[in-house]
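Shown next, in structure tokens, is the structure this report addresses.
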Number of protein chains: 2
Amino acid sequence: MKKSSAIAALGALAQETRLDIFRLLVQKGPQGMAAGEIGERLGQPPPTLSFHLNQLRFAGMVTSRRVSRSIIYSANFKAMSDLLAYLTENCCGGRAELCAPRASAGCSSECAPPAPVQSRKSRRISV
Amino acid sequence: MKKSSAIAALGALAQETRLDIFRLLVQKGPQGMAAGEIGERLGQPPPTLSFHLNQLRFAGMVTSRRVSRSIIYSANFKAMSDLLAYLTENCCGGRAELCAPRASAGCSSECAPPAPVQSRKSRRISV
DNA sequence: TTCATAGTTCCATATTTATAGAAATATCAT
DNA sequence: ATGATATTTCTATAAATATGGAACTATGAA
């Protein structure tokens, strides 16, 4: 994944209405949901909703298809997983053992907090 | 994870310099890196860098600790994994079998594109 | 103390992003 | 055609975010 795509994806999701839209669509699954229904659920006026759906679409996080008068939006699951992979890429310099318990998908699950590092000489430090 | 935390995290990462910083720190692992070294690597003037480090810190994506004159920043791996979990939460309404091949961590790996939905009556549609 | 180093905060400016009314487009039913 | 529904584009305005110079704070060394 290119950096610019990741920034676009993150930026698309970093807004309350759009995050709501995206999670709604993630939960809805591949069948998707019509723009109108999304707007009803989230209480957004059509132009505002359309703006946000466009942002998500340009960022590649959703796809759309017309069905009769409705436009059906669906989450782009591939884009989501690519983004997650990008964020965790080469975690801990490849030495995932530095990332504590159940570091399954290359560190993405759960990593140790950086507190108890002190590799050799235990050095006392302040925050 | 609360929605506001997710938005803060996504917003923090949705900016080129900050994404660079975060990925650098993810790859560096728990030992972290001094602000100065980050600035050198990314070619950012100190005030700009400090601004972005603060954004990441307020969003909970990095932690900082002082070591002598340096301030060492580290990625917050827990925050990252919480964010990833939030994004994929209840994927496909819990029926992860709707999300195609190797849907390991609740859909986060790879999900089917929404193209071949057509649950019952195969309806021809245009895009 | 004084100096050099490492970072931060303050501030003004520039840029980007969000909101929603009004008008326009597309589809379907009559 | 005409009207109703579904959604978008246009537009102006408002709000949030990014940038970097100048000045400030904290730490350690001479």
Side-chain angles (χ1 to χ4, degrees), chain A residues 3-4 6-22 24-25 32-74 123-127, chain B residues 3-4 6-22 24-25 31-74 121 123-127:
Chain A
K3 182 161 70 176
S4 58
I7 293 169
L10 290 162
L13 298 176
Q15 202 276 344
E16 178 161 19
T17 303
R18 289 197 297 265
L19 185 56
D20 287 342
I21 293 170
F22 184 72
L24 193 56
L25 293 177
M33 192 181 288
E37 194 186 344
I38 298 171
E40 256 173 46
R41 292 251 216 146
L42 304 182
Q44 294 293 328
T48 300
L49 185 78
S50 195
F51 167 77
H52 289 305
L53 286 169
N54 259 325
Q55 298 289 110
L56 286 166
R57 197 159 51 79
F58 287 141
M61 298 309 289
V62 305
T63 57
S64 67
R65 59 203 148 95
R66 180 181 282 277
V67 174
S68 177
R69 271 174 292 194
S70 298
I71 300 203
I72 310 291
Y73 285 86
S74 321
R123 180 184 290 182
R124 197 161 308 272
I125 52 184
S126 61
V127 183
Chain B
K3 182 161 70 177
S4 57
I7 293 170
L10 291 161
L13 298 175
Q15 202 276 343
E16 177 161 20
T17 302
R18 290 197 296 265
L19 185 56
D20 287 341
I21 294 171
F22 184 73
L24 194 56
L25 293 178
Q31 80 184 85
M33 192 180 287
E37 194 186 342
I38 298 171
E40 256 173 46
R41 293 251 215 144
L42 303 182
Q44 294 293 327
T48 300
L49 184 78
S50 197
F51 168 77
H52 289 305
L53 286 169
N54 260 325
Q55 299 287 112
L56 285 166
R57 198 159 50 78
F58 288 140
M61 298 309 287
V62 305
T63 57
S64 66
R65 58 202 148 97
R66 181 180 280 277
V67 173
S68 178
R69 270 174 293 196
S70 298
I71 300 201
I72 311 290
Y73 286 87
S74 321
K121 311 215 168 193
R123 180 185 290 182
R124 197 161 309 272
I125 51 185
S126 61
V127 182

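Chain letters run A, B, ... following the sequence lines, proteins first, then strands; residues in each count from 1. What you are looking at is a predicted structure, and each value in this text was computed from that prediction instead of being measured.
Between A:Y73 atom OH and A:I38 atom CD1 the span is 7.5 Å, to the nearest 0.5 Å. In this structure, B:L53 CG and B:L56 CG are separated by 6.5 Å, a value rounded to the nearest 0.5 Å.
Within residues 33-50 of chain A, the residues approaching DNA chain C are A:P45, A:P47, A:T48, by heavy-atom distance under 4.0 Å. Against DNA chain C, the stretch residues 6-21 of chain A makes heavy-atom approaches under 4.0 Å through A:Q15, A:R18.
Closest to the side chain of B:H52, from the set C:dC28, D:dT19, D:dA6, is D:dT19. With distances taken from any side-chain atom of A:F51 to the nucleotides D:dA18, D:dT7, C:dT19, the minimum falls on C:dT19. Side chain of A:R66, nearest nucleotide from C:dA18, C:dA26, D:dA26: C:dA26. Residue B:R69 has its side chain nearest to C:dT5 when only C:dT8, D:dA6, C:dT5 are considered. For A:Q55, the listed nucleotide lying nearest its side chain is C:dA18; candidates were D:dT19, C:dA18, C:dG7.
Side-chain N/O atoms of B:Y73 include one lying less than 4.0 angstrom from OP1 or OP2 on C:dT8. Contact annotation: B:S68 reaches the phosphate of D:dG28 (side-chain N/O to OP1 or OP2, under 4.0 Å). For C:dG7, neither phosphate oxygen OP1 nor OP2 lies less than 4.0 angstrom from any side-chain nitrogen or oxygen of B:N54. Phosphate contact (OP1/OP2 of C:dT5, side-chain N/O of B:S70, threshold under 4.0 Å): absent.
Put simply, CD1 on B:I72 is 14 Å from C1' on D:dT27, counting in whole angstrom units. A:R57 places its CZ atom 12 Å from the C1' atom of D:dT7, with the value rounded to the nearest Å.
Between B:R65 and B:S74, some side-chain heavy-atom pair lies under the 4.5 Å cut-off. Proximity of A:T63 to A:I72: side-chain heavy atoms (C-beta onward) are nowhere separated by under 4.5 Å.
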Determine all donor-acceptor pairs shorter than 3.5 Å in which one atom belongs to a side chain in residues 40-52 of chain A; sequence neighbours excluded.
{"from": "A:H52", "atom 1": "ND1", "to": "A:R18", "atom 2": "NH1", "distance (Å)": "3.0"}

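The minimum heavy-atom distance between B:R69 and B:R66, with the atom names listed, is O-NH1, 3.5 Å. Scanning both residues, B:A59 and B:A12, for their nearest heavy atoms gives CB-CB, 3.5 Å. Smallest separation of non-hydrogen atoms from A:K3 and B:D20: NZ-OD1, 3.0 Å.
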Verdict with supporting geometry, B:L25 and B:M61, side chain to side chain contact (heavy atoms under 4.5 Å, CB included):
CA-CA 10 Å; B:L25 293 178; B:M61 298 309 287; over 6 Å; no

